[in-house]
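Start at 1 and go down the list; that is how both ligands and their atoms are numbered.
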Amino acid sequence: MSEQILVIGSCGQLGTELVESLRNIYGNSNVIASDIRQSDDEVFKAGPFEELDILNKQQFTDVLNKYKPSQVYHLAALLSATAEAKPKLGWSLNMDGLFNVLDAAVDFKIGKVYWPSSIAVFGPSTPVNNTPQNCVMDPNTIYGISKLAGERYCEYYFQKRGVDVRSLRYPGLIGYKSEPGGGTTDYAVSIYHDALTSGKHNCFLGESTELPMLYMPDALKATLDIMHATAEQVKIRSSYNLAGMSFDPKEITASIQKYVPGFSTEYNPDHRQKIADSWPNSIDDSEAREDWGWKPAYDLDAMTQDMLKNLAPRYGKTLSL
Ligand code: SER
C-alpha cells in the first residue's frame, strides 16, 4: 500500500488548500481528509473523507486502524477570536486534540506529524519588530497560551518519545480559495471580497495596526517544505518563526486602491484590536531560511494582484491588473 496521509481539521482555511496540494503530490486516494463536519467543497469529493472529532479517541483510533497513516497533519483548532469567546472549548480542543495526536504518533508509529503554531505565541512583552525566534513570550489569549504550551509539548515529544513533529508559527494567512474563521487577521481576507462587492470595507482593526501576514501559496510551500526536509534539517522542534510580509490596514487598502479606484476602508476597532496589539509587527524567520531554505515569493502588491485576479470573476468584475 502506498503512503497514507491523514489531514485532521481539513475543512478549515488551511486544510481545504493543503488537502488539494497533498493530493496533487501523493494522489487523491492516499490523502484522507477529515473534519468534525462534512463539507460541500469539491476538493473533498476527489478522495477519502472521514468524519472525525479529534477529541473522540475511539473515532480517532478507528480512523488510524483503517488507514495506518505514515504522516498526520493536525490542523483542528479554535483561532484567536473564537477561543476568546469559547475559552473552555478553545483550551480543550487545542490542547487535548494535540495530546491525542502526539500519543497516537507514539502508539501507531506515525512517521511524521505536522502541527501549526502561530504568531499568537508572542505577547505584550515580546519585542514587536523583527521578533526573534527566542525571546520573551507572554501570550495573553487562550489561543496563544494553548499554542505556546503546544510548542513545548511538541518539543517534549520529540526529545522524550522520538516523535518527528514539525511546526511553523504562521502569521495571518490570506487566500481566495477558502474562508478563514475566527481569526484576528481575517480582515485581510474579507477586505478583498468587499473591494469587489460593496467597494467599502469596515475594518475591525485600527488603520495603523501592523501585523505579519503570509499569502496562501507561500504558506502551503512552507508547510510542504518543512515536511519534506530531512529530519536533520529540522533543528527547531518547538515551532519555527515564519514570515512573508507585514502591513497595516491602511497599506492593504492603498494596495487594493491601485487596482480598484474608489475603494475605501472605514476603521471601527472592536475587541480584536487588543489581541492584535499584543502580537508582533514583523517576524525574523532567519532560522527557517537557514535550516531548510525558506523563501517567500509574494509581497503585498503581488498578493493583491493575485487575489483580485482570482476573485474578480466570482463577482463578475473585470479589472486591469
Ligand atoms: N490568524 C490567526 C488568528 O488571527 C493567528 O494565528 O487567530
Side-chain angles (χ1 to χ4, degrees), residues 9 11-18 73-87 89-91 93-95 97-98 114-124 126 128 131 133 137-151 154 167-192 203-206 209-216 218-220 222-223 226 238-249 252 269-283 285 288 296 303 307:
C11 297
Q13 186 195 13
L14 176 65
T16 308
E17 300 215 25
L18 189 63
Y73 289 76
H74 170 43
L75 312 178
L78 287 198
L79 292 191
S80 57
T82 318
E84 287 309 286
K86 298 177 182 167
L89 177 64
W91 182 255
L93 176 61
N94 295 2
M95 294 313 301
L98 177 62
Y114 180 78
W115 174 79
S117 184
S118 160
I119 52 163
V121 292
F122 299 114
T126 296
V128 284
T131 302
Q133 175 72 35
M137 295 162 93
D138 56 349
N140 58 8
T141 60
I142 293 291
Y143 179 65
I145 298 167
S146 72
K147 287 293 180 189
L148 182 53
E151 286 191 6
C154 286
S167 177
L168 300 169
R169 289 174 182 156
Y170 290 126
L173 298 183
I174 297 161
Y176 60 87
K177 288 190 188 169
S178 53
E179 300 298 319
T184 302
T185 55
D186 293 358
Y187 88 87
V189 178
S190 41
I191 196 168
Y192 287 108
C203 193
F204 58 70
L205 297 181
T209 311
E210 185 181 359
L211 285 168
M213 302 277 185
L214 188 63
Y215 193 35
M216 191 60 88
D218 276 334
L220 294 168
T223 308
I226 193 173
S238 50
S239 190
Y240 276 91
N241 270 12
L242 188 75
M245 61 191 92
S246 282
F247 55 79
D248 63 26
I252 189 174
D270 68 10
H271 58 281
R272 287 165 282 195
Q273 183 67 47
K274 261 206 178 119
I275 301 179
D277 287 343
S278 75
W279 292 351
N281 295 342
S282 58
I283 300 286
D285 61 359
M303 174 175 79
M307 283 291 285

For [X], take its heavy atoms, then give the atoms of ligand 1 lying under 4.0 Å from any of them.
{"X": "Leu79", "result": "7 (O)"}
{"X": "Tyr143", "result": "5 (C), 6 (O), 7 (O)"}
{"X": "Ser118", "result": "5 (C), 6 (O)"}

Looking only at protein heavy atoms, which one is nearest to [atom], and what is the separation?
{"atom": "atom 1 (N) of ligand 1", "value": "Thr185 OG1, 2.8 Å"}
{"atom": "atom 4 (O) of ligand 1", "value": "Thr184 N, 2.6 Å"}
{"atom": "atom 7 (O) of ligand 1", "value": "Ser80 OG, 2.6 Å"}

- Donor on one side chain, acceptor on other, Ser80 and Thr141, under 3.5 Å: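 Not at all, the side chains of Ser80 and Thr141 share no donor-acceptor pair under 3.5 Å.
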- Message: Checking Gln273 against Thr209: is there a side-chain donor and acceptor pair closer than 3.5 Å?
- Response: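 Result is yes, a qualifying pair exists.
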Q.
With salt bridge (Lys or Arg N to Asp or Glu O under 4.0 Å) as the criterion, how do Glu84 and Arg272 come out once you've worked through the C-alpha distance, each side chain's angles and the decisive distance to 0.1 Å?
A. CA-CA 10 Å; Glu84 287 309 286; Arg272 287 165 282 195; over 6 Å; no
**Request:** Would you check if the side chain of Ser239 reaches a backbone N or O of Arg169 as a donor-acceptor pair within less than 3.5 Å?
**Result:**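 Checking the backbone N and O of Arg169 against the side chain of Ser239, a donor-acceptor pair under 3.5 Å is found.
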- Where the side chain of Asp218 meets the backbone of Tyr215, is there a donor-acceptor pair that is under 3.5 Å apart?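 Pair absent, no side-chain N/O of Asp218 close to backbone of Tyr215.
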Next on the checklist: Are Asn94 and Tyr143 packed together at the side-chain level, in the sense that at least one heavy-atom pair is separated by less than 4.5 angstrom?
Outcome noted: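 A side-chain contact under 4.5 Å exists here.
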- Do any nitrogen or oxygen atoms of Trp279 lie less than 3.5 angstrom from nitrogen or oxygen atoms of ligand 1?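 No; every N/O pair is 3.5 Å or more apart.
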